[in-house]
2 protein chains.
Amino acid sequence: MAREATRPNGGKQSRIQTENRALIMQAALDVFSTDGYRGATVDRIAERAGMSKTNLLYYYPSKEEIYRSAIEQTVEAWLDPFDAIDPDGDPIEELRRYITVKLKMSDENPEASRLFANEVQRGAPLVGEFLSTRLKALVDEKVAVIRTWIDEGRLAPVDPYHLIFTIWATTQHYADFEVQVQAILGKQAKKPGFSEQVAHAVLSILLNGIRPR
Amino acid sequence: MAREATRPNGGKQSRIQTENRALIMQAALDVFSTDGYRGATVDRIAERAGMSKTNLLYYYPSKEEIYRSAIEQTVEAWLDPFDAIDPDGDPIEELRRYITVKLKMSDENPEASRLFANEVQRGAPLVGEFLSTRLKALVDEKVAVIRTWIDEGRLAPVDPYHLIFTIWATTQHYADFEVQVQAILGKQAKKPGFSEQVAHAVLSILLNGIRPR
DNA sequence: TCTAAATTTGACCAGCTAGTCAAGAATTTT
DNA sequence: AAAATTCTTGACTAGCTGGTCAAATTTAGA
């Protein structure tokens, strides 16, 4: 009871609270994204966060709550750039920007990508409802935009749903299969300009296709 | 010792052995692919396979051995169609066939795809070496083929490595993110002709791109 | 059918798991 | 500086985990 529900000050967090919650979230992202929900242990998250398990459980009441928090954080960051696709913008430019942003996210925060992938692969016990309500609605909205673009002849006549899936798949692949990409490309995958190279290659394929021109 | 290494008959399996090993492998695929290696329990696999844990451990000596076996089986099935890409065939036709086969595999055996994805996301503790040796060599070989095709003007000038990654990403997405795809597409994702629809859409995007023509 | 081998199981164990509790240490407020 | 609050921890528990063992049951070969 006197755990963390009690907020003597009006919901504001102390310096220590802010710091520790951030440490815990980063550790949780690391551990959950590699070991999955069932495979992760609170002990391991605490160790990674540099504090005792007891102390960690002072900030988050249970393993499930840590997980929920990490997932929610991830999902929100996901939605933003997708939502930002502008119906009034130039189709190719809008999609190019979206793909670029997603690739950047995969590059900078691959753990979040893997955490979400893991959740979905598990059958989405937590985000299942989110997927079929809020995300579906948002996707339907963007699909309508893409359809308009196609009708206006500003985009090739492709199935909008599968176009979105294809973009998601390719951009997240570089985070989710990071180890495989690195195993195949070797050290060049760690060089500075790599993410730009990826962006260029992916954009080239998705925008122009592979048929000779 | 008198466990399963002993094969009084020259390595041949009895009817019961063949049956049970198959049951165990299917159960292992199901459980490992959803819960991951660490999250999966031998109890759960045994329950799914319809036998006692003790009996399961009579056929496979440890959890790790069950996992290894399931992974190896999966990896082999993976390699076949990739290896079958024919340097002497028509480039577009060869890639179309490869994409189609991979989509079919995702459709028919999504658990295997998720198992492999999970292994790689975990950092590929088991297949790491395989990735950087055998798979890398095979990929390098096919990259050379693609380069030749491009030089001959029979394929658009795209980065062969990223082309391969793009194909892997898109085709496996429909297995790994099955739940998400179904949440967004609703019941149409379960209709008979769905996998053909996916194949058509994905091929259209990858072959022709999304730029208006 | 009889027997040897193969299969199956319940009871069991040591180590790990999520979470509790009460008490001590650090910090903030007065 | 004292008091109140917040933060931190070691010791503990009940249940789960992978794996063992000896004994029972089933199957197949002569």
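Throughout, protein chains are lettered first and strands after them, A, B, ... in sequence-line order, and every chain is numbered starting at 1.
For the pair B:Leu57 CG and D:dT20 P, the computed distance is 8 Å after rounding to whole Å. Rounded to whole angstrom, the span from the CG atom of A:Asp35 across to the P atom of D:dT17 amounts to 16 Å. Counting to the nearest Å, the P atom of D:dT26 and the CZ atom of B:Arg15 are 14 Å from each other. To the nearest angstrom, P of C:dC16 lies 14 Å from NZ of B:Lys63. Between the P atom of C:dA6 and the CZ atom of B:Arg21 lies a distance of 13 Å, rounded to the nearest Å. Rounded to a whole Å, the OH atom of A:Tyr60 is 15 Å from the P atom of C:dG19.
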Could you give me the CA-CA distance, side-chain angles and deciding distance for A:Glu47 and A:Arg44, then say whether salt bridge (charged side-chain N to carboxylate O under 4.0 Å, His left out) is met?
CA-CA 5 Å; A:Glu47 191 189 11; A:Arg44 198 180 282 246; over 6 Å; no
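Separating the OH atom in B:Tyr58 from the CG atom in B:Asn20 is a distance of 10.0 Å, to the nearest 0.5 Å. Taken from CG in B:Leu185 to OG in A:Ser132, the straight-line distance is 12.5 Å, to the nearest 0.5 Å. Going from atom CD1 of B:Ile167 over to atom CG of B:Leu103 covers 10.0 Å, rounded to the nearest 0.5 Å. Interatomic distance, B:Phe32 CZ to B:Ile45 CD1, rounded to the nearest 0.5 Å: 4.0 Å.
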Reading nucleotides 8-15 of chain D 5' to 3', which nucleotides get B (base under 4.0 Å from a protein heavy atom), which S (sugar-phosphate only), which -?
BBBB----
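Remark: the backbone N or O of B:Ala40 is paired with a side-chain donor or acceptor of B:Lys63 at under 3.5 angstrom. A donor-acceptor contact shorter than 3.5 Å links the side chain of A:Arg38 to the backbone of B:Gly39. A donor-acceptor pair is defined here as one N or O able to donate and one able to accept, closer than 3.5 Å; such a pair exists between the side chain of A:Glu119 and the backbone of A:Leu126.
Within the structure, a side-chain polar atom (N or O) of A:Gln17 is placed less than 4.0 Å from OP1 or OP2 of D:dC7.
Within a heavy-atom distance below 4.0 Å of DNA chain C, the residues of residues 38-46 of chain B found are B:Arg38.
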